[in-house]
Amino acid sequence: MPVIIWINGGFGAGKTTLAQELHRRLPDAVVYDPEDVGIMLWKWMPPNGDFQHLPSWRELVVATALSLRRHHADTLIVPMSLIRDPYRAEILGGLADAGEQVLHVFLETDAGILRERLNARVTDPKYTEWCIAHQAQPGKGIPAVWVRCGSAASRRPQAPPPAPT
């Protein structure tokens with residue numbers, strides 16, 4: 001059954017890691033990063049801080065996802081934070097309105113873990129703070145599969161399972 005798996009969550013929540021793991025397990029799937037659409041748009045327009053505010057970005061994200069899913073893969077994996085409810089509804093709703101099956105996965109991660117991950121990969125503290133202040137939410141009225149990840153409990157070393165006897 002054809003499906004678009006949209007992986008949403010905060011910056012540093014593990015969207016890209018989950019997308020890579022899904023792709024490893026579903027090698028015929030296509031991984032599509034909508035940030036590439038924003039980077040493309042910035043070639044013709046001055047960067048405005050967040051390309052999600054551009055109506056053309058949202059429109060092209062939907063059109064590109066539809067084209068990739070319909071012409072190139074039964075499964076499309078999309079790791080992308082959608083931080084505003086109206087944008088999330090516009091994009092995910094646009095995909096569903098076009099007849100696509102959309103599985104919206106929301107990764108929930110402890111704020112301390114997000115900060116740790118962002119500090120490890122971001123050199124500008126202002127960007128880290130922007131990311132923390134603009135965390136994705138699952139969205140009102142938009143169904144999502146919630147996945148809790150990166151909690152302190154999940155990071156504790158675990159004893160190996162007992163050896164078979």
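All figures in this text were calculated on a predicted structure; none of them were measured in a lab.
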Item to complete: Walk me through it: do L22 and I7 pass the test side chain to side chain contact (heavy atoms under 4.5 Å, CB included)?
Response: CA-CA 11 Å; L22 285 171; I7 306 170; 3.9 Å; yes
Worksheet item: Do you know which two heavy atoms are closest between R58 and Q52, and how far apart they sit?
Response: NH1-O, 2.7 Å
Discussion item. Among I91, L103, V105, which residue satisfies the side chain to side chain contact (heavy atoms under 4.5 Å, CB included) criterion with W6?
Written reply: I91
Worksheet item: Minimum heavy-atom separation for S81 to N8, with atom names?
Response: CA-OD1, 3.3 Å
Worksheet entry | Co-membership, hydrophobic cluster, residues L92 and Y87, 4.5 Å side-chain | no
Practice prompt. Measure across F106 and G9 and return the closest heavy-atom pair with its distance rounded to 0.1 Å.
Written response: CE1-CA, 3.8 Å
Discussion item. How long is the straight-line distance from CG of L76 back to OH of Y32, given to the nearest 0.5 Å?
Written reply: 8.0 Å
Discussion item. Looking at every heavy atom in both P34 and P79, which two are closest together, and how far apart are they?
Written reply: CD-O, 4.4 Å
Discussion item. For residues V3 and I77: do they belong to one hydrophobic cluster (side chain heavy atoms under 4.5 Å, members Ile, Leu, Val, Met, Phe, Trp, Tyr)?
Written reply: yes
Worksheet entry | V62, L60, L54 screened by side chain to side chain contact (heavy atoms under 4.5 Å, CB included) with V37, the one that passes | L60
Worksheet item: Roughly how far apart are I4 CD1 and D74 CG, rounded to 0.5 Å?
Response: 11.5 Å
Worksheet item: Quick one: do V30 and L95 end up in the same hydrophobic cluster if we chain Ile, Leu, Val, Met, Phe, Trp and Tyr together by side-chain heavy atoms under 4.5 Å apart?
Response: yes
Worksheet entry | By salt bridge (charged side-chain N to carboxylate O under 4.0 Å, His left out) - contacts of E100 (at least two apart) | R69, R70
Practice prompt. Could you go through the side chain to side chain contact (heavy atoms under 4.5 Å, CB included) check for D50 and H53 one step at a time?
Written response: CA-CA 6 Å; D50 187 353; H53 297 313; 3.7 Å; yes
Worksheet entry | Pairs flagged by salt bridge (Lys or Arg N to Asp or Glu O under 4.0 Å) wherever residues 24-43 is involved - sequence neighbours left out | E21-R24, E21-R25
Worksheet item: Are V61 and M40 co-members of a hydrophobic cluster defined by side-chain heavy atoms under 4.5 Å apart?
Response: yes
Discussion item. Check whether H23 reaches the backbone of V31 with its side chain - one donor and one acceptor, N or O, closer than 3.5 Å.
Written reply: no
Worksheet item: Should V78 and L41 be counted in the same cluster of Ile, Leu, Val, Met, Phe, Trp and Tyr side chains packed under 4.5 Å apart?
Response: yes
Item to complete: Output the distance between atom NE2 (H104) and atom CZ (R88), rounded to the nearest 0.5 Å.
Response: 6.0 Å
Worksheet entry | Heavy-atom pair with the smallest gap, counting every atom of P2 and Q101 | O-CB, 3.5 Å
